[in-house]
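Report on one structure; see the data block that follows.
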Amino acid sequence: MDKLKKVLSGQDCEDRGGLAEVVEASSLSWGTRIKGFIACFAAGIVCSLLGTLLLWVPRKGLYLFAVFYTFGNIASIGSTVFLMGPMKQLKRMFEPTRLIATIMVLLCFALTLCSAFWWHNKGLALIFCILQSLALTWYSLSYIPYARDAVKKCFAACLA
């Protein structure tokens with residue numbers, strides 16, 4: 001447990017791994033970065049849920065839904081900036097292993113807003129929100145080693 005505390009606080013000098021680089025890359029303390037991550041992620045979840053509830057408001061519900069749901073997902077992705085820093089986050093987002101997932105997430109964000117504001121199509125906005133969630137899940141799985149392979153094998157086994 002002491003080893004974990006040392007690593008998380010950046011005091012472990014023996015192992016200069018990725019966590020030590022993260023600690024050195026930011027002027028914020030580890031505790032502040034964790035609090036920022038939790039606050040931003042929680043705000044993202046609240047915005048997404050609020051957007052879902054606002055969908056049923058007459059006339060402006062579609063616009064509010066699209067904006068809040070998309071903003072919530074952007075805040076959830078943005079929460080990792082507190083852990084990694086903005087430049088490292090951008091570099092990792094556009095690595096070859098997650099480039100397609102990143103493009104799909106950003107495309108779904110844009111298409112959700114377009115379907116609400118320009119096309120005024122509630123059904124299409126809902127479809128793009130579902131695709132947004134799926135793309136965001138696939139993107140998130142790219143940060144867990146072998147997670148996407150496990151999901152592929154699981155679906156292959158279910159469909160076989």
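If you read the sequence from its start, that first residue is 1, and numbering goes on from there.
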Backbone N/O of Y139 and side chain of R98: donor-acceptor pair under 3.5 Å: no

Option from T70, L126, V57 for which side chain to side chain contact (heavy atoms under 4.5 Å, CB included) with F65 holds: L126

Donor-acceptor pair, side chain of R33 and main chain of L28, under 3.5 angstrom: yes

Of all pairs that satisfy ring-ring contact (aromatic ring centres under 6.0 Å, His included), the ones with a partner from residues 88-117, not counting sequence neighbours: Y63-F117

Inter-residue atom distance I45.CD1 - L50.CG, 0.5 Å rounding: 13.5 Å

Reported NZ-to-CG distance for the pair K60 and L55, which is rounded to 0.5 angstrom: 15.0 Å

Straight-line distance of Y69 OH to T52 OG1, nearest 0.5 Å: 6.0 Å

Matching residue for N73 among C129, C47, C108, S48 - test: side chain to side chain contact (heavy atoms under 4.5 Å, CB included): S48

Point-to-point distance, once rounded to the nearest 0.5 Å, from CD1 of I77 to OG1 of T102: 7.5 Å

Qualifying residues under ring-ring contact (aromatic ring centres under 6.0 Å, His included), relative to F128, sequence neighbours excluded: none

Within 6.0 Å of CZ in F37, more than 12 heavy atoms from elsewhere: yes

Approximate separation, where rounding is to 0.5 Å, of T97 OG1 and R148 CZ: 6.0 Å

Side-chain donor or acceptor of S29 paired with backbone N/O of T32 under 3.5 Å: yes

Atom CG of L53: over 12 foreign heavy atoms under 6.0 Å: yes

Pairwise distance CG(L124) to CG(L62) - rounded to 0.5 angstrom: 10.0 Å

